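What follows is a short report on a single structure.
In this text the structure is predicted, and so the values were computed from the model without any measurement.
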Amino acid sequence: MHWMDLYHRLLEIYGPRGWWPLPSRAGRDGRDERGYLPGGGPPSDRAGIFEISVGAVLTQGISWTNAERALLRLLENDFLDPRRIADCPPETLASLVRPAGYYNVKARKLIELSGFFLGLRPDGPGFRAPGRTDLLRVWGIGPETADCILTYAFGIPSFVIDEYTRRIFGRTGLADPKEPYEKLRTAVERGIPDSPAVYAEYHALIVEHGKLRCRTRPDCRPCPLLSCCEYGLSSLSYETARTKHDTSSLV
DNA sequence: CGCCAGGCAACAC
DNA sequence: GTGTTGCATGGC
């Protein structure tokens with residue numbers, strides 16, 4: 001199997017995932033109730049770019065639902081802004097992002113991230129995009145978070161390697177999951193088209209499949225009838241209910 | 001109750 | 001460079 005074979009298979013099964021969610025715009029601008037924009041692209045405005053970057057930090061080591069809760073608390077308290085976060089006492093910030101776990105660490109990371117954004121050069125409605133090494137120099141931004149920010153916030157393709165990626169590429173035999181981050185990333189990037197849309201969609205599909213089926217304890221049970229079974233569709237989670245094809249014979 | 005969830009820095013060797 | 005540990009909440 002080739003890298004793109006898995007991509008096309010996942011796309012058939014789950015359909016376009018809609019880049020990275022912007023909970024602040026859920027239900028608006030063509031976004032769904034969680035803030036995803038299927039078939040969309042990166043935000044062109046500074047607020048959207050910053051919100052995705054904050055989300056990438058908040059979701060470190062934690063489920064998106066918990067990160068989303070913290071993100072909404074920042075939003076409700078008018079703290080989804082680099083200036084406001086940079087000037088906020090760490091204890092206040094920590095109490096706001098409490099649902100995301102590791103809240104003291106993440107408060108500091110958000111302050112560092114905000115300082116970095118305050119130094120970015122505005123460029124039209126957005127920013128001049130930072131380099132990958134610039135992002136990696138920020139305390140709290142490691143390789144995965146940097147690649148999420150580059151790909152999903154700025155639309156600059158840099159393939160995201162996370163635990164789901166390692167697991168799914170490992171189980172399908174596409175890669176050795178124990179390889180170091182940079183080796184895996186360059187291997188994937190050599191095998192797929194150099195397109196922001198493909199990078200963003202591929203990783204989003206990997207996350208979707210990782211959450212729904214290819215978990216630590218995988219659910220490899222195929223259900224060929226899912227697409228035409230009303231009981232199955234009505235009783236399953238929203239992600240699965242949106243599936244338009246059966247999920248058999250994958251991984 | 002135990003396990004897991006879209007990591008990272010700091011440190012040991 | 002590889003391996004381990006602390007950080008901490010919420011869902012199942």
Pairs involving [range], ordered by first then second residue, that meet salt bridge (charged side-chain N to carboxylate O under 4.0 Å, His left out) (sequence neighbours left out):
range                       : answer
residues 84-104 of chain A  : A/Arg83-A/Asp87
residues 107-117 of chain A : A/Arg108-A/Glu112
residues 186-196 of chain A : A/Arg185-A/Glu189

Relative to the ring of A/Trp19, is the ring of A/Tyr152 parallel (under 30°), tilted (30 to 60°) or perpendicular (over 60°)?
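It falls in the perpendicular class, over 60°.
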Stepwise, does the ring pair (Phe, Tyr, Trp, His ring centres under 6.0 Å) test hold for A/Phe127 with A/Phe50?
CA-CA 10 Å; A/Phe127 296 104; A/Phe50 184 66; 8.3 Å; no
Determine the contact category for A/Arg167: base if any of its heavy atoms lies under 4.0 Å from a base atom, sugar-phosphate if only primed atoms, P, OP1 or OP2 are that close, otherwise nothing.
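Here A/Arg167 touches the backbone only, sparing every base.
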Could you say whether A/Arg108 or A/Trp64 is positioned toward the 5' end of DNA chain B, judged by the nucleotide with the nearest heavy atom to each?
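Its nearest nucleotide being more 5', the pick is A/Trp64.
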On a whole-Å scale, what distance lies between the P atoms belonging to C/dG10 and B/dC8?
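Those two atoms are separated by 22 Å.
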Taking atom P in both B/dC3 and C/dT5, what distance in whole Å separates the two?
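My reading of the P atoms in B/dC3 and C/dT5 gives 16 Å.
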For the pair A/Arg25 and A/Asp45, find out whether any cationic side-chain nitrogen is under 4.0 Å from an anionic carboxylate oxygen.
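Yes, charged N to carboxylate O under 4.0 Å.
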Residues clustered with A/Trp139, ILVMFWY side-chain links under 4.5 angstrom:
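When side chains under 4.5 Å apart are linked, the cluster holding A/Trp139 also contains A/Tyr102, A/Val105.
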Value in whole Å for how far the [atom2] atom of [N] lies from [atom1] of [X]:
X        : N     : atom1 : atom2 : result
A/Glu208 : B/dA5 : CD    : P     : 15 Å
A/Tyr181 : B/dA9 : OH    : C1'   : 16 Å
A/Arg166 : B/dA5 : CZ    : C1'   : 17 Å
A/Leu113 : B/dC8 : CG    : C1'   : 14 Å

Sugar-phosphate atoms are those with a prime plus P, OP1 and OP2; base atoms are the rest. Using that split, label each nucleotide of nucleotides 2-12 of chain C B, S or - for protein heavy atoms under 4.0 Å, 5' to 3'.
S----BBBSS-
For A/His203 and A/Asp147, test the side chains for any donor-to-acceptor distance below 3.5 angstrom and give the result as yes or no.
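A/Asp147 and A/His203 do not have a side-chain donor-acceptor pair below 3.5 Å.
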Contact list please: residues 131-160 of chain A against DNA chain C, heavy atoms, distance less than 4.0 Å, in numerical order.
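Heavy-atom contacts with DNA chain C come from no residue of residues 131-160 of chain A; none.
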Ring centroids only, cut at 6.0 angstrom: are A/Phe169 and A/Trp3 within range, meaning strictly under it?
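That pair passes the under 6.0 Å test.
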